[in-house]
There are 2 protein chains.
Amino acid sequence: MIKDATTVGSSTYEKIKHDIIFGIIAPGTKLKLGTLKNNYDASVSTLREMLNRLSSDGFVKAEEQRGFFVTDVSRKDLEEITNLRVLLECNALRYSIENGNTEWEAKVVAAHHKLHAMEKRVLEGNKDDIEMWKRYDGEFHLATIEACNNENLLKLHSTIYDKYLRYQMLVLTYRGQSAIDEHHEIFQAVLSRDADKAVQILTDHILNGQKDTIVKLPE
Amino acid sequence: MIKDATTVGSSTYEKIKHDIIFGIIAPGTKLKLGTLKNNYDASVSTLREMLNRLSSDGFVKAEEQRGFFVTDVSRKDLEEITNLRVLLECNALRYSIENGNTEWEAKVVAAHHKLHAMEKRVLEGNKDDIEMWKRYDGEFHLATIEACNNENLLKLHSTIYDKYLRYQMLVLTYRGQSAIDEHHEIFQAVLSRDADKAVQILTDHILNGQKDTIVKLPE
DNA sequence: AAAAATAAAATATCATATATTATTGTAAAT
DNA sequence: ATTTACAATAATATATGATATTTTATTTTT
């Protein structure tokens, strides 16, 4: 039996974060400590610690003496997040293509392989795998930028990516073959070390994803 | 009598953050809860909440079941932070120059005026005012980018700026007249809406600041 | 219908109990 | 004598439940 090495705190942190990103708790929901206590099996203090972390991450809004709320969504916010993802990921991609070695290339190949296999399954209608698919999507994009040699940048990107992901999950749309093609094009441009091309396609890829998302949002 | 609106939590958060940024607590220091309890007059739970926030911000490193530590410094990290500040602030500056109205211009003028007055005092040898000076420095740079119309970007920038500031405080160097000149040039370029020039000088300004800082760091 | 007073609910804080890690001391082995 | 391994102790971090404030909802009064 595998011993669960993590603390109560960090595992509840992951659970709550997951539930916010995947829309299980709706934007704006008040996170009452009493309710959370029952749902996540943790004490009030432990929960408060994790809610404070999530509030620094920007997934939760802490209102002084009034409690915690799931961060709201809006078109404006999505636009901001999208712009930031383009800025951070394109920048990281350039450096990564510049610095990456063969080891890195291998990881990109592997990540794209896993993503592509999943993309085919989802395209065939296997809607059970959506969470896995989104995970592989994230892992592919991460793999492409992982050689950028800037841990701080990767940390920021990770948070922004998760926020972007929440919007995608909230209005779940399937771009189907076109998104698959874009991934493939990014993959090829990265391997041929064509930074300009890779950045161009990535930018379009992110903006296309936003386009489908934004029309389904209120406001 | 002025009612103190903030909670014990957020005021200790500010205090600890301040003490980390201004080098009162050295990098790598273990933040023992018992000691903090005495120094900051707050309960362990409250402290843990705030340490978790600071750890998400990146000023504190939380090691599972081993406690909290002030984040380490290194040349590599400073380079990363500097690159990120250039990336974020230049991007924000372009949008700000594009979008800013007269109201915004007025704020930039005011912020530069305050900064410049303080710069003269510090140049004359008034070393007591360093903290105030750095605050006005930050407020000036913030003023220039505040019209960028992207709250998420401003939030990221604020955190990165504070990290950059910590490095400056750790190796406190005075660039004197040259930094003052750069501020003035940025100021003028911003008011004349010359984005390319403003970005160019800002980039140099940030990199020059790094140059003086990095040589005094270990590693 | 508006304002004030009261009751209920929720948050912020604290002190304490439990689990984990670090330290010290002791005995066996090199 | 020095090192290694183990056990006992001390120190520390994590987690919990209880209490004190504050906010929100309800009722009463004008």
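Letters A, B, ... mirror the listed sequences (proteins, then strands); counts begin at 1. Source: prediction; values computed, not measured.
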Whether A:Ser158 side chain and A:Leu154 backbone form a donor-acceptor pair below 3.5 Å: no
(request) Could you tell me whether the side chains of B:His141 and B:His157 share a donor-acceptor contact shorter than 3.5 Å? (result) no
Going 5' to 3' through nucleotides 14-19 of chain C and flagging B where a protein heavy-atom sits under 4.0 Å of the base, S where only the sugar-phosphate is that close, and - otherwise, we get BB----
Inset, instruction - Give one of base, sugar-phosphate or nothing for A:Glu49, where a contact means two heavy atoms less than 4.0 Å apart. - result: nothing
Atom CG of B:Leu51 and atom P of D:dA13 are separated, to the nearest Å, by 10 Å
Exercise for review: Please check if any side-chain donor atom of B:Ser56 sits under 3.5 Å from a side-chain acceptor atom of A:Asp57, or the reverse.
Suggested key: yes
Check: Counting only N and O atoms by type, is there a donor-acceptor contact under 3.5 Å from the side chain of B:Asn126 to the main-chain atoms of B:Val122?
Finding: no
Quick note, salt bridge (Lys or Arg N to Asp or Glu O under 4.0 Å) partners involving residues 8-33 of chain B, not counting sequence neighbours, are B:Lys17-B:Asp162
Ring pair (Phe, Tyr, Trp, His ring centres under 6.0 Å) pairs touching residues 20-40 of chain A, sequence neighbours excluded, are A:His18-A:Phe22
From CG of B:Leu47 across to P of C:dT13 the rounded distance in Å is 11 Å
Rounded to whole Å, the CZ-C1' distance (A:Phe69 to D:dT23) equals 11 Å
| request: Scan A:Leu33 against the nucleic acid and name what it touches under 4.0 Å (heavy atoms): base, sugar-phosphate only, or nothing. | output: sugar-phosphate
Quiz item: Taking OP1 and OP2 of D:dA13, is either one under 4.0 Å from a side-chain nitrogen or oxygen of B:Arg48?
Solution: no
